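Here's the structure, in structure tokens; my notes come after.
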Amino acid sequence: DGAASIESIAHKIQESLSVSKRHRFWETQPVGQFKDLGDASLPEGPIEQPITLSEVRPDPYTLPALYEWSTCDVDNDATAAEVYTLLANNYVEDDDNMFRFNYSKEFLRWTLRPPGYFKAWHIGVRVKANKKLVAFITGVPARIRAGNEVVRMAEVNFLCVHKKLRSKRLAPVLIKEVTRRVHREDMWQAAYTAGVVLPTPIATCQYWHRSLNPKKLIDVGFSRLGARMTMSRTIRLYKLPPLPATPGFRNMEFRDVPAVTALLRDYLSRFVVAPDLDEKDVEHWLLPREDVVDSFLVESPDSHEITDFCSFYTLPSLILNNATYSNLKAAYSFYNVATKTPLLQLMNDALIVAKQKDYDVFNALDVMENESFLKDLKFGPGDGMLHYYLYNYRLKHALKPSELGLVLL
Ligand SMILES: CCCCCCCCCCCCCC(=O)SCCNC(=O)CCNC(=O)[C@H](O)C(C)(C)COP(=O)(O)OP(=O)(O)OC[C@H]1O[C@@H](n2cnc3c(N)ncnc32)[C@H](O)[C@@H]1OP(=O)(O)O
Ligand SMILES: CNCCCN(C)c1ncc(F)c(N2CC(C(=O)NCc3cnc4ccccn34)C2)n1
């Protein structure tokens with residue numbers, strides 16, 4: 001409709017402006033630079049070569065005088081609670097400041113402690129005088145394949161500066177410090193996503209939302225009642241059956257790790273950028289954890305072969321000013337593989353179990369093969385774009401979302 005096309009034009013203008021905008025910090029970094037866009041002579045791969053570990057700066061970057069570095073041990077319940085509270089009050093909001101991500105403590109412990117993680121990469125900044133946690137940034141190690149090369153990278157996330165300390169150029173200091181600590185572990189690349197345009201996205205993806213509780217979504221302003229639609233007609237439109245349709249659809253269990261790993265490795269090999277997951281990674285990232293991550297598979301009733309897999313993670317949002325509701329329960333599509341069951345049917349079963357678990361909305365990016373089911377399963381396009389980035393690694397071409405096999409949390 002007219003409004004959507006005006007909105008997309010506005011998006012394009014905004015993005016073009018940020019291409020012309022100065023990036024005083026990012027222009028100093030080994031990332032694709034806007035001025036290099038279209039220069040096909042630049043080779044794919046690392047932008048800067050590694051330096052010897054003795055050459056890596058041994059001391060932390062200098063913070064403004066009132067602040068100090070503080071490595072955050074999320075195993076410690078009190079520290080985990082401080083990190084949770086900083087993010088719950090100061091992390092990503094939508095453009096209209098109606099919602100803010102509300103990553104749970106258990107979710108943070110999960111995502112920050114994958115196989116081989118480094119406590120030193122969970123980096124906080126505290127006020128010296130009262131030890132208040134006022135900023136945070138994290139890295140976790142991952143093996144990411146870019147083209148035919150598997151690269152050990154840091155996945156950087158949870159960059160957060162307290163609202164009262166914004167626009168003081170603290171973010172570049174946090175980024176340089178996590179970079180220094182990653183370099184100390186002889187790693188030279190990183191992967192990250194952001195809702196903002198920076199030099200230079202390797203892919204730009206669109207969020208899609210599938211209403212599960214349309215009445216609540218409309219009441220809190222997440223969605224709007226469609227033109228010529230009544231509330232009862234809308235509720236009927238999004239209604240789902242009580243049980244999954246696929247025979248053999250069940251929760252993933254520990255014994256399924258080898259088969260799910262094989263299924264995933266084969267499937268993810270199709271994408272230009274994707275994680276290189278081994279059984280330890282699959283055990284950590286995909287075994288169900290209540291209210292953190294859910295995973296299901298289809299075990300063929302006669303052959304007992306595992307033929308399909310689907311998963312979603314739980315990321316609620318605080319609803320910032322609504323008299324009735326304070327929490328939006330959102331599921332985010334994670335990794336899905338369909339080899340026998342149609343992907344449409346598999347994802348519809350995921351919607352069914354999410355509805356049964358009382359989620360309000362099911363979100364999915366248009367990555368991998370998601371585009372093939374979004375419209376048919378009644379997803380609607382969101383307003384949020386998610387840009388993917390690699391640090392110190394150039395790709396010859398930006399990727400279409402369908403070439404991307406990586407979902408960051
Ligand atoms: C080898 C290993 C490498 C490891 C590192 C890999 C890189 C990792 C990169 C981080 C991946 C993070 C992944 C996620 O967590 S994405 C989620 C980011 N967090 C939020 O959006 C939470 C709410 N916002 C805030 O807390 C603050 O606004 C933040 C902290 C975001 C900026 O604080 P503030 O608003 O007070 O600004 P400033 O004055 O300190 O600094 C301004 C400079 O910061 C650049 N900026 C702004 N937003 C982002 C952003 N999301 N990624 C990268 N850079 C960003 C900006 O372009 C400008 O630089 P330049 O334009 O002048 O050049
Ligand atoms: C650094 N890690 C990247 C992943 C973090 N993720 C999940 C994320 N990054 C940027 C987004 F644009 C986004 N969107 C989900 C869509 C959405 O649901 N939009 C309405 C909404 C509801 N609650 C919130 C909270 C914050 C922003 C938008 N919100 C847009 N998701």
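Counting begins at 1 with the first residue of the sequence. In this text the structure is predicted, and so the values were computed from the model without any measurement. Both counts, for ligands and for their atoms, begin at 1 and track the order of listing.
We find that D77 and K105 are joined by a salt bridge, their nearest charged nitrogen and carboxylate oxygen being less than 4.0 Å apart. Taking a cutoff of 4.0 Å between a charged side-chain nitrogen and a carboxylate oxygen, R152 and D186 do not qualify as a salt bridge. A salt bridge links K163 to E93: one of the charged nitrogens lies within less than 4.0 Å of a carboxylate oxygen. Ion pairing between a basic and an acidic side chain is recognised when a charged N comes within 4.0 Å of a carboxylate O; D94 and R100 show no such pairing. D276 and R145 are not joined by a salt bridge, as no carboxylate oxygen comes within less than 4.0 angstrom of a charged side-chain nitrogen. Between R250 and D256, at least one side-chain N (NZ, or NE/NH1/NH2) sits under 4.0 Å from a carboxylate O, which counts as a salt bridge.
Judged by the shortest distance from any of its heavy atoms, Y103 lies inside the 4.0 Å radius around the atoms of ligand 2. Within the 4.0 Å heavy-atom shell around ligand 1 one does not find A154. Ligand 2 does not have F158 within reach: every non-hydrogen atom of the residue lies 4.0 Å or more from it. At a 4.0 Å cut-off, at least one heavy atom of L170 sits close enough to ligand 1 to count as contact.
Nearest to atom 10 (C) of ligand 2 among the protein's heavy atoms is L386 CD1, 3.6 Å. Of all protein heavy atoms, the one lying nearest to atom 5 (C) of ligand 1 is T179 OG1, 3.4 Å. Here the heavy atom of the protein found nearest to atom 54 (N) of ligand 1 is W26 NE1, 3.2 Å. Here the heavy atom of the protein found nearest to atom 40 (O) of ligand 1 is A171 N, 2.8 Å. Counting protein heavy atoms only, atom 3 (C) of ligand 2 is closest to T193 OG1, 3.1 Å. Residue, atom and distance of the protein heavy atom nearest to atom 14 (C) of ligand 1 are T193 O, 3.8 Å. Protein heavy atom closest to atom 8 (C) of ligand 1, with residue, atom name and distance, is V156 CG1, 3.7 Å. Closest to atom 21 (O) of ligand 1 among all protein heavy atoms lies V92 CG2, 3.6 Å. Protein heavy atom in closest approach to atom 29 (N) of ligand 2: D94 CB, 3.9 Å. Scanning the protein for heavy atoms near atom 7 (C) of ligand 2, the closest one is Y207 OH, 3.3 Å. When only non-hydrogen protein atoms are considered, atom 61 (O) of ligand 1 lies nearest to H23 ND1, 2.6 Å. For atom 41 (O) of ligand 1, the nearest non-hydrogen atom of the protein is P172 CD, 3.4 Å.
Distances from atom 62 (O) of ligand 1 to the heavy atoms of R169, H162, M153, E27 show the closest one on R169. In this structure, of N157, V196, L315, the residue bringing a heavy atom nearest to atom 1 (C) of ligand 2 is N157.
Checked by distance only, ligand 2 and L409 come closer than 3.5 Å through their nitrogen or oxygen atoms. Where the criterion is an N or O separation shorter than 3.5 Å, residue side chain and backbone included, S317 meets it with respect to ligand 2.
For ligand 1, the atoms lying closer than 4.0 Å to a non-hydrogen atom of N157 are 15 (O). Close contacts between ligand 1 and S167 involve ligand atoms 34 (P), 36 (O), 39 (O) [criterion: under 4.0 Å to a heavy atom]. Close approach to K168 involves these atoms of ligand 1, each under 4.0 Å from a residue heavy atom: 39 (O). For ligand 1, the atoms sitting less than 4.0 Å from at least one non-hydrogen atom of Y391 are 1 (C), 3 (C), 6 (C), 7 (C), numbered in the order shown with element in parentheses. Counting the atoms of ligand 1 from 1 in the order shown, those under 4.0 Å from a heavy atom of R24 are 60 (P), 62 (O), 63 (O). Less than 4.0 angstrom separates some heavy atom of C160 from each of these atoms of ligand 1: 26 (O). Under a 4.0 Å criterion applied to the non-hydrogen atoms of A190, ligand 1 contributes the atoms 2 (C), 3 (C), 4 (C), 6 (C).
Under the 30°/60° scheme for interplanar angles, the aromatic rings of Y91 and F158 are found to be tilted. Aromatic ring pairs are classed by plane angle as parallel below 30°, tilted from 30° to 60° and perpendicular above 60°; the pair F334 and Y313 is perpendicular. Under the 30°/60° scheme for interplanar angles, the aromatic rings of Y117 and H122 are found to lie parallel. Ring planes of H387 and Y389: tilted class, angle from 30 to 60°.
Heavy-atom contacts from other residues, nucleotides or ligands closer than 6.0 Å to NZ of K119 number more than 12. Summarising the local packing, NZ of K375 is surrounded by 12 or fewer heavy atoms from other residues, nucleotides or ligands at distances under 6.0 Å. Environment of CZ in R57: crowded, with over 12 heavy atoms of neighbouring residues, nucleotides or ligands closer than 6.0 Å. Heavy-atom contacts from other residues, nucleotides or ligands closer than 6.0 Å to CD of E290 number 12 or fewer.
Neither the backbone nor the side chain of Y192 has any atom closer than 4.0 Å to an atom of ligand 2 (non-hydrogen atoms only). Of all the heavy atoms of H209, the ones lying under 4.0 Å from any atom of ligand 2 belong exclusively to the side chain. Under 4.0 Å from ligand 1, the heavy atoms of Q189 that appear belong solely to its backbone. Contacts between N90 and ligand 1, counted as non-hydrogen atom pairs separated by less than 4.0 Å, involve the backbone only. The proximity of F101 to ligand 2, defined as any non-hydrogen pair under 4.0 Å, involves the side chain as well as the backbone.
Relative to the six-membered ring of Y359, K329 meets both conditions, a distance below 6.0 Å and an angle of at most 45° to the axis.
In this structure, atom 47 (C) of ligand 1 has its sub-4.0 angstrom surroundings free of protein heavy atoms. Checking atom 56 (C) of ligand 1 against the protein gives no heavy-atom contact under 4.0 Å. For atom 29 (C) of ligand 1, no protein heavy-atom neighbour is found at a distance under 4.0 Å.
Screening K35, Q33, R22 for a side chain to side chain donor-acceptor pair (under 3.5 Å) with E27, the sole residue that qualifies is R22.
Between the side chains of Y393 and E44, no donor-acceptor pair of N or O atoms lies under 3.5 Å.
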